[in-house]
Amino acid sequence: MVQTSFVPDEYWQSLEVAHNMTFNYGYLTWEWTEGLRGFFYPLMFAVIYKALYLLGKDHVWFLIWIPRLAQAVLSGIADVRLYSLVRHLENTELAKWVYFCQLCSWFTWYCSTRTLTNTMEAVLSTFALYYYPLEGSSTKSSTKYLICVALAFLIRPTALILWIPLLFYHFAKEKKKADLVVHQYLPIGILTLATSLIVDRIFFGKWTFVQWNFLKFNVLQDLGSFYGSHPWHWYITQGVPVILCTHLPFFIHGCMVTPKKYQILLVAVAWTVLIYSALSHKEFRFLYPVLPVCMVFCGFSFSNLKRWKKSAVGFLVLSNLFPALYTGLIHQRGALDIMSAIQKLCKMENSSASSLFILMPCHSIPFYSHVHCPIKMNFLECPPDLSESDVYIDEAEVFYASPLAWLNAEFYNKTLLPTHLIMFSVLQPEILSFLTNNNYVKTRSVFHTHVPVGRTGSHIYMYERSDQ
């Protein structure tokens, strides 16, 4: 039910890396050459890929869908954990309402099966919440919740933001503070960091502290703004309203009727939104890990409704069903649909002679993890300027400044021309003369989106160079 693309990271920072780890080919983006990403999360998929390879079942279809299935199973277990947590804290009736709100969320539907670090962060945060020592919890376990928080930190260091208030609250409430630090915080912290250092040492070939590099780049230097920046209020005016959608009024009502002992969860949500608001680069998916926490408040809202409860249920289901189906089945599906055309190049008799150039904003479509054959593929690159030069322009920007001139200069020698080109429909009119002069013929057109913006077109085209 989720057949669309969301952001490049769901492929380029997980499956593509796992493909490189397992099959020794696959593109590693600049984050990996600079040591900003750790191999801990891709390792999960690399293990799946290796098992498929050893079983002789490493077909591209399995490589694409089994990791998604694995992530879906983990997300499903997290949903059940959320239900169980509320049932233990309160009662079955309230737990059902929280579970209902969680399952109705269009954004949960949209993200929960994607191989994103944010998705795994949300899963581990929900597990951690299940074991967190909330007042009245019968499932609390300091060791288990701290392990989950530590693992979330290894996968995505900014996961710690949500847990800073909760960690301080736990520390303040704990009577044996020294024991908590010596027997829980320090051993778990040291063990998980050591595991991360060893895993990254194996795959980087040198000692690399990726969590520090990640925080330094994204938080201290705020270089993430290279990929876009938003005003400070963006999460409040757009981020939260969009991901909560029609849950928002129930969330606000829930905040007013929820017992005081859950205020620390509201503080954690507000703190997370506040800290992320201070960073220039903002995305909807960064807030995904707080969504299960918000559903607790939505559940309290429904359980306290005296009138119009059936109407509210119908409203929530229907208002979330359309965006869930539209974003899951229609919006931005071309990035995955075009991969079947690329996969066919691998089955041609002269596949080794095939070459592909992707004339799209960088990382617009998956790469070798969705092709699984070593044909020559290139794309327009867009690494940030780590030297902080005032005159730096990445390759993609240079291309889009004058596409026709760039193509004529890059392929002045006809022997260098790729056999196939892939582009968004919006680019085609600008380079039509190049396509015509070099005998390129459109062989595939797939729908991508009803709302093309900027360099993203409504369709994706594949062109093949004719021998004529």
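All values below come from the heavy atoms of this structure, side chains included, with hydrogens, waters and symmetry mates left out.
- Judged purely by distance below 3.5 Å, without hydrogens or angles, the side chains of T246 and S319 pair a donor atom with an acceptor atom.
- Of all non-hydrogen atoms in C148 and L124, the two that sit nearest each other are CB-O, 3.6 Å.
- Note on D9 versus R285: salt bridge recorded, some NZ/NE/NH1/NH2 to OD/OE distance being below 4.0 Å.
- Looking at L82 and V98, their side chains come closer than 4.5 Å, going by heavy atoms from C-beta outward.
- Put simply, OG on S354 and NE2 on H420 are 5.5 Å apart, with the number rounded to the nearest 0.5 Å.
- Residues K96 and R87 are not in side-chain contact: their nearest non-hydrogen atoms beyond the backbone lie 4.5 Å or more apart.
- For Y53, the OH atom counts as loosely surrounded, since its 6.0 Å shell holds 12 or fewer non-hydrogen atoms of other residues, nucleotides or ligands.
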- Verify ring pair (Phe, Tyr, Trp, His ring centres under 6.0 Å) between Y27 and Y368, making sure each step is shown before the conclusion. CA-CA 7 Å; Y27 190 90; Y368 285 110; 8.7 Å; no

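- I365 places a side-chain heavy atom less than 4.5 Å from the side chain of I338.
- Atoms OG and OH, from S137 and Y131 in turn, are 10.5 Å apart once rounded to the nearest 0.5 Å.
- Between W234 and F284, the distance separating the two ring centers is shorter than 6.0 angstrom.
- Checked against I460 for a side-chain contact (heavy atoms from CB on, under 4.5 Å), the options M423, M360, R333, R444 give a single hit: M360.
- With hydrogens and angles left out, the side-chain atoms of T119 and Q71 include no donor and acceptor closer than 3.5 Å.
- Summarising the geometry, atom OG1 belonging to T272 is positioned 7.0 Å from atom CD1 belonging to I161; distances are rounded to the nearest 0.5 Å.
- Annotation: cation-pi geometry not satisfied between R455 and F424 (NZ/CZ under 6.0 angstrom from ring centroid, within 45° of ring axis).
- Separating the CD atom in Q332 from the OG1 atom in T449 is a distance of 6.0 Å, to the nearest 0.5 Å.
- Looking at W30 and L36, their side chains come closer than 4.5 Å, going by heavy atoms from C-beta outward.
- Aromatic ring pairs are classed by plane angle as parallel below 30°, tilted from 30° to 60° and perpendicular above 60°; the pair Y326 and H450 is parallel.
- At least one cation-pi condition fails for K57 and F62: the charged atom is not both under 6.0 angstrom from the six-membered ring centre and inside a 45 degree cone around its axis.
- Counting heavy atoms from C-beta outward, T208 and K206 have side chains that approach closer than 4.5 Å.
- Side-chain atoms of N438 never come within 3.5 Å of backbone atoms of Y440 as a donor-acceptor pair (strictly under, hydrogens ignored).
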- What's the verdict on side-chain hydrogen bond (donor to acceptor under 3.5 Å, both in side chains) for Q211 and S196, showing C-alpha distance, side-chain angles and the deciding distance? CA-CA 9 Å; Q211 288 76 24; S196 174; 3.1 Å; yes

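- Under the 4.5 Å side-chain criterion, counting only non-hydrogen atoms from C-beta, R156 is in contact with N118.
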- In sequence, state the C-alpha distance, the side-chain angles, and the governing distance for L244 and F107, and then conclude on side-chain contact (heavy atoms from CB on, under 4.5 Å). CA-CA 8 Å; L244 278 177; F107 200 68; over 6 Å; no

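- Within 6.0 Å of the CD1 atom in I393, the count of heavy atoms belonging to other residues, nucleotides or ligands does not exceed 12.
- Applying the disulfide bond (SG atoms under 2.5 Å apart) rule to C346 yields the partners C373; only residues at least two apart in sequence or on another chain are considered.
- Q343 contributes a side-chain N or O that, together with a main-chain N or O of H370, makes up a donor-acceptor pair within less than 3.5 Å.
- Aromatic rings from F45 and Y41 are positioned such that their centres are separated by under 6.0 Å.
- In terms of heavy atoms, V441 sits closest to S466 at CG2-CB, 4.2 Å.
- Annotation for F39 and D200: closest pair N-OD1, 2.8 Å, computed over non-hydrogen atoms.
- For H19 and F23, the distance between ring centers is under 6.0 angstrom.
- Ring centers of Y110 and F6: under 6.0 Å apart, within the cut-off.
- In terms of heavy-atom proximity, P67 sits nearest to I48 at CA-CD1, 4.4 Å.
- I431 CD1 to Y463 OH: the interatomic distance, rounded to the nearest 0.5 Å, is 7.5 Å.
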- Does the side-chain hydrogen bond (donor to acceptor under 3.5 Å, both in side chains) test come out yes or no for T143 and Q184, once each step is laid out? CA-CA 6 Å; T143 301; Q184 304 283 346; 2.8 Å; yes

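- The nearest pair of heavy atoms linking S5 to L336 is N-CD1, 4.3 Å.
- Panel note: side chain N350, backbone A353; no donor-acceptor pair is recorded below 3.5 Å.
- Not less than 6.0 angstrom separates the ring centroid of W406 from the ring centroid of Y412.
- You'll find the ring centres of H363 and Y11 outside the 6.0 Å limit.
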- Task: Could you walk me through whether V149 and L166 pass the side-chain contact (heavy atoms from CB on, under 4.5 Å) test, one step at a time?
- Result: CA-CA 11 Å; V149 172; L166 294 165; over 6 Å; no

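- Judged by distance alone, the side chain of T22 and the main-chain N or O of A18 form a donor-acceptor pair under 3.5 Å.
- Side-chain atoms of Y235 and F286, non-hydrogen and from C-beta on, do get closer than 4.5 Å to each other.
- The OG atom of S125 sits 13.0 Å away from atom OH of Y132, with the distance rounded to the nearest 0.5 Å.
- In this model, a donor atom of one side chain and an acceptor atom of the other lie less than 3.5 Å apart for T4 and R114.
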- Could you please spell out the steps behind the side-chain contact (heavy atoms from CB on, under 4.5 Å) verdict for F209 and L193? CA-CA 9 Å; F209 192 7; L193 278 178; 3.9 Å; yes

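- With hydrogens and angles disregarded, no donor-acceptor distance shorter than 3.5 Å links the side chain of T456 to the backbone of P452.
- A distance-only check finds a donor-acceptor pair linking the side chain of N320 to the backbone of W106 [under 3.5 Å].
- Note that R201 lies in the cation-pi zone of W207, set by a 6.0 Å cut-off to the ring centre and a 45° limit from the axis.
- Ring centroid separation for the pair F153 and W163 does not come in under the 6.0 Å cut-off.
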- Task: Might you work through the side-chain contact (heavy atoms from CB on, under 4.5 Å) test for S425 and H448, ending with a clear yes or no?
- Result: CA-CA 10 Å; S425 52; H448 184 62; over 6 Å; no

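- In terms of modelled atom types and a separation under 3.5 Å, the side chain of K144 and the main chain of A128 share no donor-acceptor contact.
- Between Y130 and Y145, a ring centre-to-centre spacing not shorter than 6.0 Å is recorded.
- Listed by chain and number, the residues in a disulfide bond (SG atoms under 2.5 Å apart) with C104 amount to none (sequence neighbours excluded).
- Counting all heavy atoms, side chain and backbone alike, N24 lies closest to M21 at OD1-O, 4.4 Å.
- Not one N or O on the side chain of S229 forms a donor-acceptor pair closer than 3.5 Å with the backbone of S280.
- Residues I342 and I422 form a side-chain contact, since some pair of their non-hydrogen atoms from C-beta on lies under 4.5 Å apart.
- Between the S105 side chain and the Q102 main chain, no donor and acceptor come within less than 3.5 Å of each other.
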